[in-house]
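Just so we're clear, the structure is a prediction, and the values are computed from it rather than from any experiment.
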Amino acid sequence: MLERYNKAKRILLEKEYAKLNPEQKQAVFAPCDGTALILRAGAGTGKTTTVVNKIAYLIKYGDAYPPSDSLPAGITEEILKLMESGEAKAEDFIKYIANNPIPPYRILAVTFTNKAANEMKERICDMVGSGAEDMWVGTFHSVCIKILHRYIDRLDRFNGNFTIYDTDDAKSLLKSCVKQLDLNEKEFTPAYLLNIISGCKNKMMTPEDFENEASGNFKQTKIAQVYTLYQRRLKESNALDFDDIINHTVKLLKDNPDVAERLSGRFRQVIVDEFQDTNDAQYEFVDIISCGCKNLCAVGDDDQSIYGWRGANIDHIMNLGSTARCLTINRNYRSYDSIIDVANSIIKNNRYRFEKELRANIFGGEKVTYNCCESDYEEGRYVADTVERLVREEDRKYSDFTVLYRTNAQSRIFEECLMRLGIPYKIVGSLRFYERQEIKDMLAYLRVLANPSDIISLRRIINLPKRGIGQTTVDMIENLANMTGRSGFDIVKNCENFESIKRARSGLLSFASLMNKIAAFASENPVSELIKYISDTADLQSEYIKEGEDICASRLENIGELMNMAAELEQQSGDEPYTLSDFLERMALVSGIDEMEDDAGVTLMTVHTSKGLEFPIVFVVGLEETLFPSIRNFIEDEKEIEEERRLCYVAVTRAKEKLFLTCANRRMTYGKTSYNPVSRFIKEVPENLLNDISTPLHNGFETDSTIEHFERASGVSFANFVSSNYKKPDFSKAAGVKSFVQRESRGNQSFDIGDRVTHKKFGEGTVGNITVSGDMTVLTVDFDKFGRKNIISSVVSKL
DNA sequence: CAACCTCTAATTTTT
DNA sequence: TTAGAGGTTG
């Protein structure tokens, strides 16, 4: 009877999830026995579907799939017969089948984007109905904020009204720190510092750690000082930057084991999406919250890790594999086989990855087209012409097409060429809603209201519109706030008590009374009304009108849009009060209007932005050495070239039906003409997989001869542009000029460290370092006549 | 404080 | 090339 029961149960469950393929089902039914599950899901393999089904299964049936060793209570011959009859659904027998089902509130699902979180939540709710909204589904940041709010009393000196500083705010604060420390502002730029500090935070390195590591090195010590001050000033402003949100949470959990225990005890299953993108701090958070990964289901694809430069550490997904139960889903439902073949042939050149191959499920697609164009302009024209042609010949819609490029700067030419043919297009991800000046202005008003210590926001609005408050006064207020430990706004209110800012008192007092009026209004009215009130009372319009009618109108329109968003959120929250803090938090963590507007047009975006999306027809453009792969990445080491390759893999796997790969022999870069060899990624694709329609002269497989051809034909050194004046801050590697050589086509040359070499333009030099990546040899050469550190890409010969 | 000039640096950006 | 920042001037 037990055997019959187990068999019937299995069949019923299999039937309920019949839409999934065997690999996906295996993932859904994987037992919850305290072993981490790692689900490697290739591009286009139905990852979200699998995860969503898994969560629904856990909620409904818990750990039902493994055979039971005893019959559940109440089961009778009659019930068993019904189960076996095959006409009923598993759901009808849920109480006999379910084994320790997981209540939704004991499930945590973490994603990287709001979009992914919303989609996941929605789909699960659709599947399991009511109750599912008790699940914790959110981004790392939103989940951590939730925890921080709940245990705010454990956080030293912060209170619940804390402000979240975005990248711009963080940079402003850093700039002010550099000033305060009286450091060279050219050497210590905000962007540079933020980069380093963010890197530290991603690795859980405190200012003290950094200082210890600096061990006397002058510059490093200075950076440590900035880092220390920056953290202090954040605290004084009752503010967190994006990285702090994660870091402070981890610290909170470490310092308060009772909290950690409470939370990790609560969650019976933790699901992390895009696991390959977790940084060290995020991993630590996951580790704590999932009882040392016991309750973890990590979903991701090492081949799609493209955020290493932001601290994402691919090692997490690679290493977890040794202790976890690993499952792979590889059947691709998105693209034609011809596209899959190209994708596979590129990605297999990476060494640091799990060996796997995407398997196509849709056959008979046309060959991938490759076109090496004469110039960047030709490339643009080719794309525009092709769009136009396919719209005409195949009745395609403009919205079927997407152009993917490596850098934003490339978009211009495509815009130009599309416009010329009257083809509508849209650029995704360029200017984000919440980054607009007027939105930030309005938010700054709201932030100061909620958190009077927020010095960065205070700075922004104290003289907006103009009230005759100058830079010096603002600096002074900041100083006074720092010294007295009072909030910036408090200083403003009491400006008469401070000699140093008395001169600006009329402006300051009018600002203070304005804010008081606004505060009074805020206490009685919802956020949406408040926005309108501020816009009118503060008279932001008077400032915007100076930029012209049109700009002013559009700024006001955007503020109106912000108001609508607030109104909508208020409505959504129903009976629950919707507070200013709720709104501000959301604005800080949501990138504004998440949905891509559906107006028909060709989509233009960077490859990074395209991750997770799919399009019928895709152009991957600018496939040239130095551009894609980017020159900044392959100089340093092999690991970064692999990330570029993954990026290329991501680009290629976006295409469902048609894929075009293009590059340009000649391109304007920084105002100079450059001649780049064809991307190695093109060369990694077997020729028979590509329909090469390049003009015969430049069918581009002989990279090295292409360089020489152009150097001869044009009289322009290929090296010219790259060598122009590339300086990388902190480039403390061996001094010298770097150069790369195509080993394959030169064939007979090999180099050793110390070899003397000669170059057409740069003369003689000594080989300092050699890195082999693929069939490319990167030489670091100290050229005798250069003192400065330069990077060139060109050809040298042995002396 | 706006308008103009000069200099400089230049990937990718889920939150 | 070109956008943005910083400095100078009326």
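- Ionic pairing of A:R460 and A:D168 is not present here: no N-O contact between side-chain nitrogen and carboxylate oxygen is shorter than 4.0 angstrom.
- Comment: A:R555 does not engage A:D441 in a salt bridge, judged by the lack of any side-chain N to carboxylate O separation of less than 4.0 angstrom.
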Would A:E274 and A:Q276 count as a side-chain hydrogen bond (donor to acceptor under 3.5 Å, both in side chains) if you check the C-alpha gap in whole Å, the side-chain angles of each, and the deciding distance to 0.1 Å? CA-CA 5 Å; A:E274 306 282 13; A:Q276 77 280 358; 2.8 Å; yes
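- Here B:dT11 presents its P atom at 17 Å from OH of A:Y192, a figure rounded to the nearest Å.
- Atom NZ in A:K171 sits about 10 Å away from atom C1' in B:dT13, given to the nearest Å.
- With A:E187 contributing its side chain and A:L183 its backbone, the two residues share no donor-acceptor pair below 3.5 Å.
- Look at CZ on A:R586: it is 12 Å from P on B:dT15, rounded to the nearest Å.
- Rounded to a whole angstrom, the distance from the P atom of C:dG4 to that of B:dT13 is 16 Å.
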Hey, mind stepping through A:H316 and A:D280 against side-chain hydrogen bond (donor to acceptor under 3.5 Å, both in side chains) and telling me if it holds? CA-CA 8 Å; A:H316 299 141; A:D280 292 356; 3.0 Å; yes
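- With salt bridges taken as basic N to acidic carboxylate O contacts below 4.0 Å, none links A:K179 and A:D475.
- Each of B:dT11, B:dT15, B:dA2 was ranked by its minimum atom distance to the side chain of A:K546; first place goes to B:dA2.
- One P atom belongs to C:dA5, the other to B:dT12, and the distance between them is 16 Å to the nearest Å.
- Backbone-only engagement by A:T609 is indicated by non-hydrogen atom pairs under 4.0 Å involving sugar-phosphate atoms exclusively.
- Rounded to whole Å, the separation between the C1' atoms of C:dG6 and B:dT11 comes to 25 Å.
- The CG atom of A:L627 sits 9 Å away from the C1' atom of B:dT11 (whole-angstrom rounding).
- The side chain of A:N114 places an N or O atom within less than 4.0 Å of a non-bridging phosphate oxygen (OP1 or OP2) of B:dT15.
- Ring geometry, A:F242 versus A:H141: the interplanar angle exceeds 60°, so the pair is classed perpendicular (tilted spans 30 to 60°).
- As judged by a 4.0 angstrom heavy-atom cut-off over every strand, A:K466 is placed among residues touching the sugar-phosphate backbone only.
- For the pair A:R467 and A:F511, the cation-pi test (distance below 6.0 Å, angle within 45°) is failed.
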Identify all pairs in which a protein N or O lies below 3.5 Å from an N or O of nucleotides 1-4 of chain C, and state each distance.
from: C:dT2; atom 1: OP1; to: A:R412; atom 2: NH2; distance (Å): 3.0
from: C:dA3; atom 1: OP1; to: A:R412; atom 2: NH1; distance (Å): 3.0

Pull out every protein N or O sitting under 3.5 Å from an N or O of nucleotides 6-8 of chain C, one pair per line with the distance.
from: C:dG6; atom 1: OP1; to: A:K175; atom 2: NZ; distance (Å): 3.3
from: C:dG6; atom 1: OP2; to: A:K175; atom 2: NZ; distance (Å): 3.4

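- The 5' end of DNA chain B is approached more closely, in terms of each residue's nearest nucleotide, by A:T407 than by the other of A:E435 and A:T407.
- Among the nucleotides B:dT12, B:dT15, B:dT14, the one closest to the side chain of A:D277 is B:dT14.
- The residues A:R310 and A:D277 are annotated as not salt-bridged, no charged nitrogen and carboxylate oxygen being separated by less than 4.0 angstrom.
- Checking B:dA2, B:dT12, B:dT15 against the side-chain heavy atoms of A:Y434 singles out B:dT15 as nearest.
- OP1 or OP2 of B:dA10 has not a single side-chain nitrogen or oxygen of A:T669 nearer than 4.0 Å.
- Classification of the A:H248-A:F158 ring pair by plane angle, with boundaries at 30° and 60°, yields tilted.
- Ion pairing between a basic and an acidic side chain is recognised when a charged N comes within 4.0 Å of a carboxylate O; A:R646 and A:E643 show such pairing.
- DNA chain B lies under 4.0 Å from at least one heavy atom of each of the following residues of residues 301-310 of chain A: A:Y307, A:W309, A:R310.
- In this structure, A:N279 does not reach the B:dT14 phosphate: none of its side-chain N or O atoms is under 4.0 Å from OP1 or OP2.
- For A:T167, no side-chain nitrogen or oxygen approaches OP1 or OP2 of B:dT15 to under 4.0 Å.
- Crowding of A:K251 atom NZ: a count of heavy atoms from other residues, nucleotides or ligands under 6.0 Å not exceeding 12.
- Mapped onto DNA chain B by nearest heavy atom, A:G470 and A:S142 fall at different nucleotides, with A:G470 at the one closer to the 5' end.
- If you take NZ of A:K146 and C1' of B:dT15, they are 17 Å apart, rounded to a whole angstrom.
- Checked for salt-bridge contact, A:R666 and A:E378 miss the test: no charged N lies under 4.0 Å from a carboxylate O.
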